[in-house]
> 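What follows is a structure written as C-alpha cells; I'll ask about it next.
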Amino acid sequence: MLLRLPTSLSEARRCLAEGAVPVGGATLVWAQWQRDGFPEQAMSLRRLPEATVVDAETLGAAVLLHQVDDRVPEVLRRAAASVGTGAVRRTATVGGNIVGSTLRCLLPPALVLDARATVLDHDGAYQADLAEVVAKRPLMLDIRWRRPLVSGYHKAPGELGGPPPLVVATAVHAEEDGGRRLFTAVRDGDEVVSGSVPARADAGRVLDALDGTALGGLPRQARDVVRREVTDILDRT
C-alpha cells in the first residue's frame, strides 16, 4: 500500500482523483484492511496545514486527540481526553472520530458549538453542516465554531464491550440581540440528538423548553442527566 502525504489542497484533490483512500490514524480501518485486503493507496492529511490547525475557533481533522488542548473550548477538550486509552488518543484523529467512528464522541461537542465542517472533494473545499458530514462521510479538513461563553461535557462511565456510554454536551452562546442561547447535544446509545433554546435566568423554563425539542424523547434516566448538566451550566453563566 502506498501512503500519500499531500502538503497542499491541490495535491490532496489530486490524490482523491487518483483513488487514494483517506485515512487518519487507521485505528478504525486497520483490522478491516487486514481482513479484507489493503487499498493500493491511502492518503493522510497529517502534513496538510489546513488539517492540522488548533486554535480558539478551529480544529483540524488530522489533529491527534491527545493534541486537543486548552486552546479549544472546554467541551471539546474534555471530550477528546475521554476517548479510549492514551495509546488510542496518540493515534486517533479528530476527523476519524467524527466521520469514521460510529461512537463520535466529538460530535455532541461540535453540535453545541454550532460548528460547521470544511470538507474537500474533487471540485475544491467548501463548508458543510455536520449532518451532511455524518451522512455522506466526505474528506473533512476541519471544524469551525462560534466561541461560546461557557461549555461543559459529561460522559458516563462505560463498560468494556458494553453499550456506548451516555454523553451530554452543553454550551451557552451570546446572540446578536444581546441574549443568550443554550445548545445541548446527547449521545444515547448510537443516536445523537440535539436542541437549542434561549438561555433564560429561570432554569425551570429552560428545561421545559428543552423538553419541546428532540431531547424530550430521551429516556428518563438520560433526561435526568441533561437536567443536571443544563442547570450546572446555567449557574456558570
Side-chain angles (χ1 to χ4, degrees), residues 45 48-83 89 92-99 104-120 125-134 138 140-155 167-187 192-201 203 206-207 209-210 213-215 226 228-237:
L45 301 182
L48 186 67
E50 290 86 349
T52 54
V53 62
V54 183
D55 63 34
E57 297 179 347
T58 310
L59 186 60
V63 173
L64 301 178
L65 295 185
H66 83 99
Q67 296 172 321
V68 180
D69 55 25
D70 58 8
R71 287 172 287 182
V72 307
E74 175 187 351
V75 65
L76 265 179
R77 183 181 73 251
R78 290 175 59 189
S82 76
V83 175
R89 293 190 293 274
T93 62
V94 170
N97 185 272
I98 294 177
V99 181
R104 300 189 178 99
C105 293
L106 300 188
L107 180 57
L111 288 171
V112 301
L113 292 177
D114 201 18
R116 289 178 63 80
T118 307
V119 301
L120 183 70
Y126 66 93
Q127 294 288 305
D129 63 36
L130 293 174
E132 177 182 344
V133 170
V134 170
M140 190 174 82
L141 298 176
D142 65 38
I143 54 172
R144 305 182 183 198
W145 56 83
R146 294 191 297 145
R147 298 178 69 174
L149 297 173
V150 63
S151 64
Y153 183 79
H154 167 81
K155 186 175 185 179
V167 165
V168 179
T170 52
V172 174
H173 294 265
E175 296 194 288
E176 293 182 358
D177 62 3
R180 297 179 177 183
R181 194 164 189 86
L182 168 74
F183 288 73
T184 306
V186 177
R187 185 190 71 194
V192 176
V193 295
S194 61
S196 69
V197 297
R200 307 179 190 277
V206 174
L207 292 168
L210 276 179
T213 71
L215 299 171
V226 169
R228 185 190 70 207
E229 292 298 306
V230 167
T231 300
D232 177 71
I233 201 168
L234 291 176
D235 287 343
R236 292 165 56 193
T237 58

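Numbers for residues simply follow the sequence, beginning at 1.
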> Within the structure provided, determine whether Asn97 and Cys105 are in side-chain contact (heavy-atom separation under 4.5 Å).
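Asn97 vs Cys105: side chains touch.
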> Less than 4.0 Å between a side-chain N and a carboxylate O, is that true for Arg181 and Glu176?
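Looking at Arg181 together with Glu176, the answer is no, because their closest N to O distance does not fall below 4.0 Å.
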> Going by heavy atoms in the side chains, are Val75 and Thr170 under 4.5 Å from each other?
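Side-chain contact under 4.5 Å: no.
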> Taking Arg200 for its side chain and Arg180 for its backbone only, find out whether a donor-acceptor pair lies under 3.5 Å.
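No; zero donor-acceptor contacts below 3.5 Å.
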> Can you tell me how far apart CG (Asp114) and CZ (Arg116) are? Round to the nearest 0.5 Å.
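Nearest 0.5 Å value for the CG-CZ distance: 9.0 Å.
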> Please walk me through it: do Arg236 and Glu74 pass salt bridge (Lys or Arg N to Asp or Glu O under 4.0 Å)?
CA-CA 13 Å; Arg236 292 165 56 193; Glu74 175 187 351; 2.8 Å; yes
> Sequence neighbours excluded and cut-off under 3.5 Å, please list the side-chain donor-acceptor pairs for residues 57-66, or say none.
none

> Determine, stepwise, if the pair Arg228 / His154 fulfils side chain to side chain contact (heavy atoms under 4.5 Å, CB included).
CA-CA 10 Å; Arg228 185 190 70 207; His154 167 81; 3.2 Å; yes
> Quick one: do Val68 and Val54 satisfy side chain to side chain contact (heavy atoms under 4.5 Å, CB included)? Show the steps, please.
CA-CA 7 Å; Val68 180; Val54 183; 5.9 Å; no
> Determine whether Leu45 and Leu141 make a side-chain contact, defined as any pair of heavy atoms from C-beta on separated by less than 4.5 Å.
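Sidechains of Leu141 and Leu45: in contact.
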> Which heavy atom of Ala185 sits nearest a heavy atom of Val112, and at what distance?
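Of all heavy-atom pairs spanning Ala185 and Val112, the closest is N-CG1, 3.4 Å.
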> With a 4.5 Å limit on heavy-atom distance, are the side chains of Thr118 and Glu50 in contact?
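Thr118 does not reach Glu50 side chain to side chain.
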> Within this structure, what is the OG-CG distance for the pair Ser82 and Leu106, rounded to the nearest 0.5 Å?
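The CG atom of Leu106 is 8.0 Å from OG of Ser82, to the nearest 0.5 Å.
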> Output the distance between atom CG (Asp70) and atom CG (Leu76), rounded to the nearest 0.5 Å.
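Interatomic distance, Asp70 CG to Leu76 CG, rounded to 0.5 Å: 12.5 Å.
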> Please find the pair of heavy atoms, one from Val133 and one from Ala117, that lie closest to each other, and give the distance.
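It is CG2-CB, 3.6 Å.
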> Is there a donor-acceptor pair under 3.5 Å between the side chain of Arg89 and the backbone N or O of Val83?
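Answer holds: yes.
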> So, taking the atom named OG1 in Thr184 and the one named CD in Glu229, what distance separates them when rounded to the nearest 0.5 Å?
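Result: 9.5 Å between the selected atoms.
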> Mind listing the closest non-hydrogen atom pair of Val193 and Ala214 along with its distance?
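Shortest heavy-atom contact: CB-CB, 4.3 Å.
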> Answer whether the closest heavy-atom distance between the side chains of Val99 and Val134 falls below 4.5 Å.
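In short, these two side chains do not touch, never coming nearer than 4.5 Å.
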> Only one of Leu234, Thr237, Asp232 passes side chain to side chain contact (heavy atoms under 4.5 Å, CB included) with Val150; say which it is.
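Answer after filtering Leu234, Thr237, Asp232: Thr237.
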> Can you tell me if CZ on Arg146 sees more than 12 non-hydrogen neighbours from other groups inside 6.0 Å?
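Yes, because the 6.0 Å sphere around CZ of Arg146 holds more than 12 heavy atoms from other groups.
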> Check whether any side-chain heavy atom of Pro108 sits under 4.5 Å from a side-chain heavy atom of Val168, and report yes or no.
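No, every pair of side-chain atoms sits at 4.5 Å or beyond.
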> Quick one: are Leu149 and His173 in side-chain contact, heavy atoms under 4.5 Å?
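Result no, sub-4.5 Å side-chain heavy-atom pair not found.
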> Applying side chain to side chain contact (heavy atoms under 4.5 Å, CB included) to Tyr126 and Val119, what does each step give before you reach the verdict?
CA-CA 6 Å; Tyr126 66 93; Val119 301; 3.2 Å; yes
> Once you round to the nearest 0.5 Å, how far does CG of Leu130 lie from CZ of Arg104?
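Separation between the atoms: 10.5 Å.
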> State, yes or no, whether a side-chain contact exists between Arg71 and Asp55 at a heavy-atom distance under 4.5 Å.
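No; the side chains remain at least 4.5 Å from each other.
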> Quick one: does Trp145's side chain have a donor or acceptor within less than 3.5 Å of a partner on Ala56's backbone?
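Yes; judged by distance alone, with no hydrogens or angles, the pair exists.
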